[in-house]
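A short write-up of the structure that comes next.
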Amino acid sequence: MAKTPTITSASSAEYFAKNLQQVGFSSYTKAALTTIKEAVDNSLDACEDAGILPEITVFIEKVGEGTAKNADSIRIRVEDNGPGLEVEDVVKVFGEYLASSKFGRGRCSRGQQGIGISAVTTWAQLTSARGATIVTKTKKMRKAVQCVVEVDIKHNRGTLKSKDTLEWGKDQGLACEFVIDARIQLNGEGGLLAYLNGTTLVNPHLTLRYKILDQDEVTIPRVTDEIPQIPDATDPHPHTMKLGEFIAHSHLFGRVSVGAWLKKGFSRISDGVLKEMKTGGLASALLDKSVDKAGEEDFKKVFAALQKAKLMAHSTTSVLSIGETALAKSIQRVGQVDFFSVVSRKPAICDFKPVLVETAIARLLDRPSEEESVTLLRFANRVPLQFDKSACAMTQAAESVNWRAYGLNQPKGSLPLGPYIMAISVVSPFIKFKNASKETVDASDELVEEIRRTLIQAGQRLSKYIRRETKEADLEKKRQHIEMFAPILVDGACRITGSPQSRRVKALDGLAKILGRDAALAEQELEVATRHAEEAVTKMGEMTGILPAAEGDEMESPALFPAEKVKTGKAAVKARAAKAQTELFPELKTKKEEKHGHRR
């Protein structure tokens, strides 16, 4: 007789310990990146919640061979100047899954589920038999506390393995250290440098220092002293929930009436909405019933009535904006930027959820290739996304834009080509990711369209600068052709017809007039394009503090005119046209001098 199998239950820690690939530990390369990402995200959130300008240091070194084949033993230490943690909170944060102060709060914070840093501790235990080493100090502590925390995988709770006090040259802060099996990848879309530089891009208030292996230490200073004001948490909108979530939400409120629970636990539900639900056929007695006494059928009736009710869209005050000014300053930290365009749209509602999309497009001087695809940087709640790019809403939106209309080369159905960086940031308290590791944003039609509109605005600003370059190149090409062939044609015609020198001078004079009309038209178009470019420079100066030169003076804008100094006044434009004519036809210069001399 077959033995009846025993059904057992497992803790959340057991599940993630056996499925760490779901939270970013699918390879040794991603293990190093995920460890740094989770620690840095926690540091940034802690500093912002405490109103502290973050200063974060990342230290990575190889300490030997790893316990697994093709892996190195890597020590990773992340240190911040945040408020620190009490020892009992350290044990929960680093040793317990789903322990978070932000779980389900509807805030635009980086971490929300309380999984990431606990998974890092688990990975350290599995690969080096040692958990997380933490140094913490709050303002109330006279000395810092150093402790080792591990995850009790069987019971999903943190255990304190050791605890000591030590002198630390900081008033407050926290440092976490892990020794793990990993492989270091510096460059590429999934490399550590891409993550670190991307983090500084969308966090302009961050000062970041890092030292990776045997490379020199790098310091990226902040470009603004303004700390982002994180909006208060927002209540969920009933149109964004499923029936099971709706019922589970009721368990948080205890003995209150159904009507009071709806008004208190959800956004956009008022007495007017409840009256509308009653008019639609919902019994008044059901709204007066206590939540803890309501049955499944009662919740189904209330949920169905809510879906039929006309509710206002979710409030957009819960989203966080980086801002065009801060993003304009921060984009110049990614390299030698020739030109950039920054757009920050107003918050919008996508799939009944508040969303704010910001984008920046920059052309790099140190990446001259026109045949490579642009570098697409994706951010969700100010966290870089580096994997599974093709399935992401941001990638699909960027590929759907017709970039050829804005002067860029673009293969069909792909990203445009050129030495550009295209950064897209999506911020929302309810971002829908495709997996627990939060590597890609789900591509709903409404979200893709909102991102697409933002990119179109940035492309329109970029095209103004590209048109100006095209006009300049067209004018130069015309001058070169005339300079090369016109004098030869005139001399040949004079020799064939036996025309005197005076006829030759008249012919050159006529050509000069033709050149003058053609050059004048090109100069007029150039002047219009230059005026648009100057307006862009002025706006850029207002945002970054780098003001353009006055009209008639030499401009030295590092963003628009890095290679040469150009005079932009009307007199300067006319002088360049006249100079071009006299350089091409010296006889005209002699003729004009004789004419002016005769007048005198």
Side-chain angles (χ1 to χ4, degrees), residues 23-41 43-44 54 56-60 74 76 78 110 116 120 182-204 206-223 322 327 330-337 340 358-367 369 372-395 398 415-426 433 435 437-441:
V23 286
F25 293 90
S26 57
S27 68
Y28 291 114
T29 300
K30 290 184 68 175
L33 177 64
T34 302
T35 299
I36 296 170
K37 172 180 171 295
E38 296 295 344
V40 170
D41 287 353
S43 294
L44 285 169
I56 298 176
T57 302
V58 178
F59 179 78
I60 305 171
I74 303 295
I76 296 176
V78 177
R110 299 170 182 85
V120 175
R183 298 281 292 179
I184 299 299
Q185 177 186 339
L186 289 178
N187 302 310
E189 290 187 354
L192 297 182
L193 295 181
Y195 168 75
L196 294 172
N197 292 329
T199 299
T200 59
L201 174 61
V202 290
N203 295 279
L206 166 65
T207 294
L208 178 66
R209 300 179 183 87
Y210 62 85
K211 187 179 188 312
I212 304 176
L213 303 180
D214 56 352
Q215 295 193 346
D216 294 336
E217 182 175 321
V218 176
T219 299
I220 305 178
R222 65 175 59 93
V223 294
I322 301 172
L327 198 55
S330 193
I331 192 67
Q332 300 183 65
R333 300 194 287 180
V334 302
Q336 295 183 348
V337 175
F340 64 85
E358 296 171 294
T359 187
I361 302 176
R363 187 168 70 179
L364 301 180
L365 292 172
D366 52 358
R367 185 186 168 189
S369 175
E372 297 181 8
S373 178
V374 301
T375 300
L376 178 62
L377 305 179
R378 300 171 295 131
F379 303 91
N381 281 345
R382 298 176 295 156
V383 177
L385 309 179
Q386 297 177 257
F387 299 97
D388 199 11
K389 181 171 72 173
S390 61
C392 185
M394 300 177 223
T395 304
L415 293 172
L417 307 178
Y420 295 89
I421 281 183
M422 188 180 297
I424 305 173
S425 171
V426 176
F433 295 98
N435 47 38
S437 57
K438 298 184 289 188
E439 294 173 348
T440 184
V441 176

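Sequence positions, counted from 1, serve as the residue numbers for this chain.
Although no hydrogens or angles enter the test, the distance criterion places a donor-acceptor pair under 3.5 Å between the side chain of Thr359 and the main chain of Ala423. With hydrogens and angles ignored, the 3.5 Å screen pairs no side-chain donor or acceptor of Thr34 with any backbone N or O of Ala31. In this structure, Glu38 contributes its side chain and Val120 its backbone to no donor-acceptor pair below 3.5 Å. One N or O on the side chain of Arg222 and one on the backbone of Pro54 form a donor-acceptor pair closer than 3.5 Å.
Between Met394 and Val426, the closest heavy-atom pair is CE-CG2, 3.9 Å. Counting all heavy atoms, side chain and backbone alike, Ser425 lies closest to Ile322 at OG-CD1, 3.9 Å. Lys30 approaches Ser27 most closely through the heavy-atom pair N-OG, 3.2 Å.
Among pairs with a residue in residues 183-204, those fulfilling salt bridge (charged side-chain N to carboxylate O under 4.0 Å, His left out) read Asp72-Arg183, Glu189-Lys389, at least two apart in sequence or across chains.
Evaluation of the ring-ring contact (aromatic ring centres under 6.0 Å, His included) rule for Tyr420 yields no partner, not counting sequence neighbours. Gln215 is linked by a side chain to side chain contact (heavy atoms under 4.5 Å, CB included) to Leu186, counting only residues two or more places apart in sequence or in another chain. Partners of Ser330 by side chain to side chain donor-acceptor pair (under 3.5 Å), not counting sequence neighbours, listed by chain and number: Arg333. Here Tyr195 pairs with Leu33, Ile36, Lys37, Val40, Asp41, Thr199, Pro384, Gln386 under the side chain to side chain contact (heavy atoms under 4.5 Å, CB included) rule; sequence neighbours left out. For the side chain to side chain donor-acceptor pair (under 3.5 Å) test, no residue two or more places apart in sequence or in another chain qualifies with Thr440. The side chain to side chain contact (heavy atoms under 4.5 Å, CB included) search around Ser43 returns Ile56, Val78, Asp80, not counting sequence neighbours.
When side chains are defined from C-beta on, Tyr210 does not count as touching Ile60, because their heavy atoms never get closer than 4.5 Å.
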